[in-house]
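The structure appears below as structure tokens.
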Amino acid sequence: MITPAKDHGLTPKEKTFYQENGYLLAKSVFTRKEAEHFRNETHQIAQRLQAAQIEGVSNEGWGAGAKVTDLPRELLHCHNVQYQSAALTRLISDPRLTDRAADIIGPNIQLHHTKMFIKPPEKGAPFPMHQDVPYFPHENHSMIAAIIHFDDAPIEKGCVRVVPGSYKRGPLEHLHDGGHHLPVEEYPVAGATPCPAEAGDVLFFSYLTIHGSGLNESPQARTTLLVQMRDPADLPTADVHISRGQGMILRGIDTLANAQAGVDSAKRRIVAA
Ligand SMILES: O=C(O)CCC(=O)C(=O)O
């Protein structure tokens, strides 16, 4: 029998699944009504940015997406949406999200970045299979993504796909053309395990888990917010992917905030800069 979690953490069964597979689809973390509210917030952000002709909001996704499909591709995208919507600021520190993340990372959770993706109907861009580690490597590999689904993401909408257990292989060599990705012949998107999700579900996975997603071929948009989080004591090993808001504590405390000058705090300044 599964013992229900007392807070918003994972059940023992979910923890075991994550440890074995390096990913977990947590069901109904948020209600459908809440998801609809967040969906409206993200679509309004996209509309405002497009109206203001902000460059890069609408794009073809990764260049390497062309290796996955010959069809037209489009992605609406924006980093760090917590600077654009108070509702989304509250969402990323919601205990229903962070308590679950804490059962994977540990009690203290630090934001790396957020990014919203709207995969438009019929041409929502695919992501070739990859690990996230080449984008922002860290010493202890505590980094995880939580993809919060704001609408249903069945297979035909280009839901996220994973290679179960792949995080145990550690960082892999990637190709670096049009996004860091794995060879598409060896790692076809269609060959990976689909994680179809419903509005309000959250998909957690390690930055070492091989993942990607297919084209949205359906008549409806797929809308998600990806929250990338780490243990604050886990330091970056490269001065890359620095963005506004990085370092915000979403749960617990920053265990290195009071570190005296030294190797750790000096390295951390790379991130905080
Ligand atoms: O949202 C998706 O379909 C995949 C996103 C992804 O793989 C990434 O941002 O690293």
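Counting starts at 1 for both ligands and their atoms, in listed order. The chain is numbered in sequence order, starting from 1.
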#### Entry: Main-chain N/O of Gly214 paired to Lys119 side chain as donor or acceptor, under 3.5 Å
yes

### Summary
shortest atom 3 (O) of ligand 1-to-protein heavy-atom contact is with Ser213 OG, 2.6 Å

### Message
Checking the side chain of Asp132 only, and the main-chain atoms of Phe136 only, is there a donor and an acceptor separated by less than 3.5 Å?
### Response
no

### Task
Compute the ring centroids of Phe117 and Trp62, then answer whether they are less than 6.0 Å apart.
no

### Summary
atom 9 (O) of ligand 1: closest protein heavy atom, distance to 0.1 Å, is Lys115 NZ, 2.9 Å

#### Entry: Shortest protein heavy-atom distance from atom 4 (C) of ligand 1, along with the residue and atom involved
Phe127 CD1, 3.5 Å

### Query
What protein heavy atom sits nearest atom 10 (O) of ligand 1, and how far off is it?
His130 NE2, 2.9 Å

### Task
Please confirm whether Trp62 comes within less than 3.5 Å of ligand 1 when only nitrogen or oxygen atoms on both sides are compared.
no

### Query
Does the pair Arg96/Glu34 count as a salt bridge with the N-to-O cut at 4.0 Å?
yes

### Query
Going by the order shown, which atoms of ligand 1 are within less than 4.0 Å of some heavy atom of Phe117?
1 (O), 5 (C), 9 (O)

### Query
salt bridge (Lys or Arg N to Asp or Glu O under 4.0 Å) with Glu60: which residues, sequence neighbours excluded?
Arg73

#### Entry: Within-cut-off N or O pair, Thr224 and ligand 1, under 3.5 Å
no

### Query
Would you say the side-chain atoms of Asp231 pair up with the backbone N or O of Ala233, donor to acceptor, closer than 3.5 Å?
yes

### Query
What's the shortest distance from atom 1 (O) of ligand 1 to any protein heavy atom, and which residue and atom give it?
Arg222 NH2, 2.7 Å

### Part of His181 within contact of ligand 1 (heavy atoms, under 4.0 Å)
neither

### Query
For ligand 1, which atoms sit closer than 4.0 Å to a heavy atom of Val160?
2 (C), 3 (O)

#### Entry: Parallel, tilted or perpendicular: rings of His138 and Tyr207 (30°, 60°)
perpendicular

### Summary
A student checking ligand 1 against Lys119 at a 4.0 Å heavy-atom cut-off should list atoms 3 (O)

### Message
Using 30° and 60° as the class boundaries, would you call the ring planes of His113 and His79 parallel, tilted or perpendicular?
### Response
tilted

### Summary
Counting from 1 in the order shown, the ligand 1 atoms closer than 4.0 Å to a non-hydrogen atom of Leu226 are 9 (O)

